[in-house]
Each structure stands twice: as C-alpha cells, then as structure tokens.
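None of the values given here were measured: they were computed from a predicted structure.
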Amino acid sequence: MPHSPPTSPDVPLSPQEAELARLRKEIARLRVASRQDEVEALRQWVTAYETSTSWRLTAPLRHCVKQIARLRRRKKCPENRTAPKSAQSAEGGAPPSALVVASSVPEPSVVLRFPRHARPVLSIVIPTYGQVPVTQRCLRSICRHPPTCPYEVIVAEDASNDSSVAQLADIAGLVLIRRTENLGFLKNCNDAARKSSGTFVHFLNNDTELRPGAFDALVERLQREPSIGLTGSKLLFPDGRLQEAGGIIWNDASGWNFGRNDTDPDRSVYDWPREVDYISGASIMLPRTVFDALGGFDEMFAPAYYEDTDLAFRVRAAGLRVVYEPRSVVVHHEGVSHGTDETSGVKAFQVRNRERMLTRWKEVLEAKHYAPATHFLRASAHAHDRRTILIIDHYVPEPDRDAGSRATLCVIDALLAAGWLVVFWPENRVRNAYTHALLARGVNVIDRSESDDFPKWIARNGPDLDHVLLMRPTVTRDFLPQLKAHTQARLSYYGHDIHFLRLQREAEVTGSVEVEQAAAAMEELETFLWGQVASVIYLSEPEAALVRERVPQAHPYAIVPFCYRPDLTERQPSRGHTVLFVGGFAHPPNVDAAIWLVRDIMPRLRARLPDACLILAGANPTEEVRALADTHTRVTGAVSEEALHELYATSRVAAVPLRFGAGVKNKVLEALHQGLPLVTTAIGAEGIADLSDVVTVTDDAEAFAAALVTLLTEDEVWTKRSRDGRVFIAARYSPAAFSRSLLTAFGESDQHSADVTPLG
C-alpha cells in the first residue's frame, strides 16, 4: 500500500498527513496484536484516501509546505549536498527532466517478487529498451496492486546493451526475455506474446504505474463479455491530469486522446465503459486467442506507432468490440519510452504510419468516422451508426427506492441491449452511488461534473441525437422549449402514470380541496404535453385510450410496463404467517394503503391468526407510517435489492391494498415474479389484463383479510398461486416482449436493433 515520504520533525504535516500517520501507527499496533481483520480494514481505508482525487489535487500544496520548511532548515544548518545524477536516457528516451519528475514520486518499500503459476490466466507483457529504473518502478506497482487471478509477468528486453538489465534477472518469478538482436517495439511485443501462457495478454508500457484493481477490471470485463475482443485502461499523467479516456480516430486517420489534460479525470463523461475507436497501447488487454488469430500487431507498422490503432480496427473487423474500461486506472509517464519529438528517433514513425493507417482503412474511415474535432458525443463512443437517445428525468434511477426507477431501468436496459447509445440527463444533476451504478451499466450520465447547463449542452449536441425521451410532466414542461429549438430528434413522452388521474382519485378518497386543485392544474399540463410529442407512452391500454379520448391528434402507445427474466422455478411455501407490503412512502397512495392495511385489514386477519406479522418495506416512511410499527408490525425504511429479495423469499404472502393511484403497479408484478402469492385491490390490478386469474382482487377489507388467511394457511392453494404467478410473468413481461413494445412506440423498425450484450 502507498506510504507518504518520511519527514523530519521540523517539517510540518498537513492535517490529512497527520491523520494518515495516526492510522499507520494504529495499523502497526493492531498487527502486533494479531488483529488482522482490523489491520486490513484500516489498510484499505488508507489506500482509498491516498488514491482519492482530493489527495492528488492537494499534493502540490503539501509539497510546497515541505519545501519551505526545508529551505528554512537549510538556512539555519547549511549542508554540503551533491546534485543527483541525471537518469541515463536510452535511444528515444525522455529528456532528463521528465525522468527526474517521474523518480520524485514517493514509492513504498516493496520487495520485487512474483508468483509462478503453471496455468496463468493473465500474461502481463512489458516491452523494454534499457531504462531499468523506470521498469522497476512499473514492476513495483504490479507488486503493490497485483491481479487476483493467476498471472505471469514477462519483461521483453530488446537488446539495449544496458548492463543494469542484469538487475532484472535477480527478481524472483519474473520471466525475463533478453534479446541478442534488436527487434523494435512491435516485433518485440509479438514475440513476447507468443511466449506467454495466459488466457489473456496485457500489453503494458514500462513507463506506467498501476492503480488498485487495474488488472482485475480488465480481466473481469473480458471474462464477462465474450463479445469484447480488446479492452484497456484510463490513463493519467503523473500529476493526476487525464491523459486518455479511450481514443478517437478521425476520418483522416489522425488520433485524439479523449479528455486529454482535463484536471478532473473522474468526471462522469470519462467514467462509463463504452465502445471506442481504439485504446492507446500503453495498457491494453485482449484474449490470447484473438491476438493469435489476428497475427498479433501488424509488422507493417514496425517499429512502432499506430500498431495499437490498427489492431483495434482489425478486432472490430473480426466482429468483436473494443471497449474502454474506466475502472482500470494506470499512470503513464508519457514520453519516457519513445520521447515526444516526431522528427527523430522512433517517434518519427508516427507520421509515416498514420499515412499507412489511412491507406489501409480509407473506406472504413470515410464511412464510419467523423471529420477532426466534430461530433464528440458520438465520436467518443464509436457511435457513428448507432441510434442515440437522450433520456431526461428528475433524477438518476434509484431502483431500491421507487417503482418508477425500475421502469426507467427497464427502458435503459432494453435500449442498451438493442445497441443504442444512451445519454441520461438528471434534472437535479446530482452525482451519487446511483449515478455510478448507471455509469457502470454503460450509460453516459450528464451530472454536475459537466460544466455546461442544458441550453449550452443541447445546442452543441442536439444534432447528434436521434431520439429524446422525456419523463414526467413537470420535467417535460421545463425541457421542451430548448429541445424544440436545438434538435430535430424524435420526441417521446413517458408518463409513468397519468398524474392528474391519480390526484383526482386521491381527492375523492381524502376529500382534499388542495389535491383537487392540483389535479385540475396537472390535467391541463398533461393534455397540453400529449400534443407536443411524436409518441406518448404509458404502461397500459386504458391509459393510452384516455389519451386518445382527450387529445385525438396525439399518438399514444401502451407498452409492456416492466420486464423480468423468466423464472419458472417452483417455490415451497414459506413457514410462518408474515404479510409483506412493499412501497416507497414518498408516494401518497402507499402511505394511505399502509394505514388502511394496518387499521382495517390486519385486525380482521389477526382475529383468526393472532401471531400474524406485517412488514412495511420501503424508503422514506412518513411519521404516519413509522407510527404504525408495533410488536407485530415492522417498518423497515429503505432496503437494498438483496434485502428486498430476502423479504420476498421469507414472507408468506404479499398485500397491495391501494385505494387510489394510477398506472401499472410494479409491486404487483414483482411479487408474482418472485413467486409470492398476493392479494390486491382494483386499483392495484389496474392495467394488468387477466390478473384476477392468478390473484385475488377485492376492495372489501373483510374479503381482503379472508383471502390473506387462505394463502397463509393452505399450502396447496399457495403453491398453485405461486406457480401460476411466475408463468403469468414469464409469458407477458419478458425483456424481449418489453423491447418490442418500446421500439414500436419509438417508431423504430428492427433494422436499428442489434444483438449486443449491454456493458456493465
């Protein structure tokens, strides 16, 4: 793990350094006490702290403070000092200043030693030409952050005649190839790869340093998605600036390191896995079988430059994808290997090989690549021919908190599976754990790390959009004018439910004049919006019919509301008498349902089953809901996906006692998918055709309680309802059925779909 450099007593520590020093002392104390679990927890905390953006950004300030203190100390106690010798640069190496900066980075003390596995999963191939200190720094970073899979490290030394290379031969476990004849960078890599044994081969420049998890992220990506033929890392400069988040190749074969020099390498635009034109060869990984089938790097590009770009194009021509993996982060001391002067040394071949790249791939470049510095939204995601959609909602989906978020994710997943480029604009621009989860799915999320406001962003990117999907009435109202002004994309409105209908029903139940007035205002807004877009999307045919009735010129579509992967596994009845109600309690219909369930239904049920328990599971419980808790009623608050699955698995029956609301209720379909029988009301069953064939539907409290008692006590009835519910979901709510209905509503034909495995 990384350590800060030692300091003398009169050099002040920053508060952060002081805290880290305290933690290290605690680690040492715990280690002596053999409390290894606590040691590891603290070590992970320190590593996370020292690799954070804030730690990197404050490094210059901490350095200046120390330098001032040292200068003051020297003034008091002058010493004779010898200037360090400049690092010797190999042919094409970096100027001495670059190496001095690189060597000034503090490194922890680490013993260079590598395991030897009979069957390595990963072969790490490091081509070198002298520069032993640089290579040792790279090897130390591998020792600090090794892969978790079996691996081997191969250093291919290309006959530099540097006597210090002998030091590498002493490193235990290292596979050192010492050439007697110089092959050049490209041929050196090819030969080393042929001598490797791993399932995957990782080409790694010797002037790199690995961040934690860099190897594992690439291996996991390739293991999980066989459609990927090449993947690679996010590259950083040593000072923390972004060097590259995937590469763009323009139609003249010139290249662009996406995001280069950005001081915030963790912006969301760089933090989502995506297809790219190429990935710089400083850190790329591919299956050994793919590399062999393609014949390795093409020696036409020897000795170096454009061999990685050409390889990416050939991977794609073979029907595989090239994917950038942002979880793999590598520091690249650019220029140390080949220098930066394009008129001399190996670097001079960059100009020649660009012409060769242009000649070989001219037709592809003209057909599928953009003119230089244009269409960045698509160019950065290799999306010249992909349908591109912008989705706008109030916030990033929070699937463990509300059903609307689950519906939104069904839309996103269907589009990703069809090969679309999905861009998501959350109205609140918040970045949180849900943002990172959506980024990991392969969605370009425009959160607050993007400096432009929406008018500027849509003015620049509007021409690159094919579709815009607006969610919810107030969000649509606020964004519609800018969209009308700046894009010709097809506009679709996804209402989730008809809001004014839900409010009207709430007013009828509660008698609230305020809610009645809100319903009237919402009716005016929603009916206006229906006429402003090309598609109006709701989750049931009754809702679509209401749109046709109110606004005849509108184009409403009823789509499959939610999607579930079919699961026909037969469940056994759970023991006990536990009733489960799931709902987000920021939603008034769920609050009313919980109160009615506790006050009117459960007393009738407990008159027959005194030990019956009730679980009210969901985020944002109001004071009214929390007050319902007692010895037989548990209010959980927010629950994770895993915890919710466990509740479904251990409860005996679900209850959905909604008295008002609108649209299709995910909690009903989800319970059936989980194999948990349920009882609901007419509002709970709304929009779900033939639901009464597999579920008891009643608005009477006594009948509701009686139906629950039957499911709580009769195993045969329970088993049949459980089986019928899963069959019902598998037949009607599969991902394929959902995708067909969604693309039809978008006015899309099958020609725009692709059988693509979504990233993430």
Query raised in the report: Should Asn251 and Glu366 be marked as a side-chain contact (heavy atoms from CB on, under 4.5 Å) after you check the CA-CA gap, both sets of side-chain angles, and the distance that decides it?
Result: CA-CA 6 Å; Asn251 60 11; Glu366 289 177 349; 5.6 Å; no
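- Contact record, Leu416 with Gly442: CD2-O, 3.7 Å, taken as the closest heavy-atom pair.
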Requested in this report: Apply the test side-chain contact (heavy atoms from CB on, under 4.5 Å) to residues His555 and Val533: give CA-CA distance (whole Å), side-chain angles for both, the deciding distance (0.1 Å), then the verdict.
Outcome: CA-CA 8 Å; His555 302 283; Val533 295; over 6 Å; no
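- A distance of 8.5 Å separates CG in Asn261 from CG in Leu242, rounded to the nearest 0.5 Å.
- Closest of all the heavy-atom pairs between Arg386 and Gly419 is NE-O, 3.0 Å.
- Taking the side chain as every heavy atom from C-beta outward, Leu222 and Leu218 never approach each other to under 4.5 Å.
- Side-chain contact of Glu325 with Thr231: a donor-acceptor pair under 3.5 Å is absent, judged by distance alone.
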Side-chain donor-acceptor contacts of residues 456-464 below 3.5 Å, not counting sequence neighbours, with atom names and distances?
| unit_1 | atom_1 | unit_2 | atom_2 | d |
| --- | --- | --- | --- | --- |
| Arg460 | NH1 | Asp452 | OD2 | 2.4 |
| Arg460 | NH2 | Asp452 | OD2 | 3.0 |
| Asn461 | ND2 | Trp457 | O | 3.1 |
| Asp464 | OD1 | His375 | ND1 | 2.7 |
| Asp464 | OD2 | His375 | ND1 | 3.4 |

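- Side-chain atoms of Ser405 come within 3.5 Å of backbone atoms of Glu398 as a donor-acceptor pair (strictly under, hydrogens ignored).
- Aromatic ring centroids of His467 and Trp420 lie under 6.0 Å apart.
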Query - Check against side-chain contact (heavy atoms from CB on, under 4.5 Å), Val582 and Val639 - result: CA-CA 10 Å; Val582 176; Val639 292; over 6 Å; no
Report task. Could you please spell out the steps behind the ring-ring contact (aromatic ring centres under 6.0 Å, His included) verdict for Phe585 and His587? Result -> CA-CA 5 Å; Phe585 294 106; His587 197 49; over 10 Å; no
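- Between Tyr494 and His496, the distance separating the two ring centers is shorter than 6.0 angstrom.
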Query - CA sep, side-chain torsions, deciding dist, call: Asp264, Tyr270, side-chain hydrogen bond (donor to acceptor under 3.5 Å, both in side chains) - result: CA-CA 9 Å; Asp264 184 4; Tyr270 310 130; over 6 Å; no
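- The side-chain heavy atoms of Leu469 and Phe746, taken from C-beta on, include a pair separated by under 4.5 Å.
- Within 6.0 Å of CD on Glu641 lie more than 12 heavy atoms contributed by other residues, nucleotides or ligands.
- With hydrogens and angles ignored, the 3.5 Å screen pairs no side-chain donor or acceptor of Arg448 with any backbone N or O of Val430.
- Within a 6.0 Å radius of NZ in Lys484, other residues, nucleotides and ligands contribute more than 12 heavy atoms.
- A donor-acceptor pair is defined here as one N or O able to donate and one able to accept, closer than 3.5 Å; such a pair exists between the side chain of Lys665 and the backbone of Ile683.
- Taking both residues in full, the closest heavy atoms of Glu748 and Arg387 are given as OE2-NH2, 2.9 Å, listed atom of the first, atom of the second, then distance.
- What you find for Tyr306 and Gln350 is that their closest heavy atoms are CE1-O, 3.7 Å.
- In this structure the side chain of Glu686 never reaches within 4.5 angstrom of the side chain of Ser540, judged on heavy atoms.
- Here the closest heavy-atom approach between residue Ala554 and residue Pro556 is recorded as O-CD, 3.3 Å.
- With hydrogens and angles disregarded, a donor-acceptor distance shorter than 3.5 Å links the side chain of Ser449 to the backbone of Ser268.
- Atom CD of Glu334 is separated from atom CZ of Phe237 by 4.5 Å, given to the nearest 0.5 angstrom.
- Pairing each heavy atom of Val551 with each of Thr527, the nearest pair is CG2-O, 3.5 Å.
- For the atom pair Asn428 CG and His394 NE2, the distance stands at 9.0 Å (nearest 0.5 Å).
- Atom CD1 of residue Ile248 and atom CZ of residue Arg378 lie 13.5 Å apart, to the nearest 0.5 angstrom.
- Judged by distance alone, the side chain of Glu275 and the main-chain N or O of Arg321 form no donor-acceptor pair under 3.5 Å.
- For Glu524, the CD atom counts as loosely surrounded, since its 6.0 Å shell holds 12 or fewer non-hydrogen atoms of other residues, nucleotides or ligands.
- Residues Asn257 and Gln243 fail the side-chain proximity criterion, which asks for heavy atoms closer than 4.5 Å.
- When side chains are defined from C-beta on, Tyr395 does not count as touching Asn432, because their heavy atoms never get closer than 4.5 Å.
- Not a single side chain to side chain donor-acceptor pair (under 3.5 Å) links Trp425 to another residue, sequence neighbours left out.
- Remark: side-chain polar atoms of Ser328 are not paired, donor with acceptor, to backbone N or O of Ala217 under 3.5 angstrom.
- Aromatic pair Phe258/Trp250: centroids not less than 6.0 angstrom apart.
- Once rounded to the nearest 0.5 Å, the distance linking CD1 of Ile498 with CD of Gln504 reads 10.0 Å.
- A donor-acceptor contact shorter than 3.5 Å links the side chain of Glu244 to the backbone of Ser280.
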Requested in this report: Check step by step if salt bridge (charged side-chain N to carboxylate O under 4.0 Å, His left out) holds for Arg221 and Glu225.
Outcome: CA-CA 6 Å; Arg221 179 66 65 189; Glu225 300 178 51; 2.5 Å; yes
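- Considering Ile391, Leu438, Asp271, Val422 in turn, Leu438 is the only one that fulfils the side-chain contact (heavy atoms from CB on, under 4.5 Å) rule with Val445.
- No donor-acceptor distance shorter than 3.5 angstrom exists from the side chain of Arg732 to the backbone of Ala737, with no hydrogens or angles considered.
- By the 6.0 Å contact criterion, CD on Gln488 is open, its count of non-hydrogen atoms from other residues, nucleotides or ligands being 12 or less.
- By the 30° and 60° cut-offs, the orientation of the rings of Tyr538 relative to Tyr493 is perpendicular.
- Side-chain atoms of Thr487 do not come within 3.5 Å of backbone N or O of Leu483 as any donor-acceptor pair.
- Judged by distance alone, with hydrogens and angles left aside, the side-chain atoms of Asp466 form a donor-acceptor pair with the main-chain N or O of Thr388 at under 3.5 Å.
- Residues Asp310 and Trp361 are in side-chain contact: their nearest non-hydrogen atoms beyond the backbone lie under 4.5 Å apart.
- The line from OG of Ser380 to CG of Leu421 is 7.5 Å long, rounded to the nearest 0.5 Å.
- Proximity of Ile249 to Tyr278: side-chain heavy atoms (C-beta onward) are separated by under 4.5 Å at one or more points.
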**Report entry** Derivation of the side-chain contact (heavy atoms from CB on, under 4.5 Å) call for Asn666 and Glu670
**Finding:** CA-CA 6 Å; Asn666 178 63; Glu670 185 174 63; 4.1 Å; yes
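- Arg327 has a carboxylate O that lies under 4.0 Å from a charged side-chain N of Glu220, or vice versa, which qualifies the two as a salt bridge.
- Taking 4.5 Å as the limit, every side-chain heavy atom of Gln532 sits out of range of all side-chain heavy atoms of Thr476.
- With salt bridges taken as basic N to acidic carboxylate O contacts below 4.0 Å, none links Glu450 and Arg431.
- For the 3.5 Å distance criterion, the side chains of Asn620 and Arg401 qualify, holding a donor opposite an acceptor.
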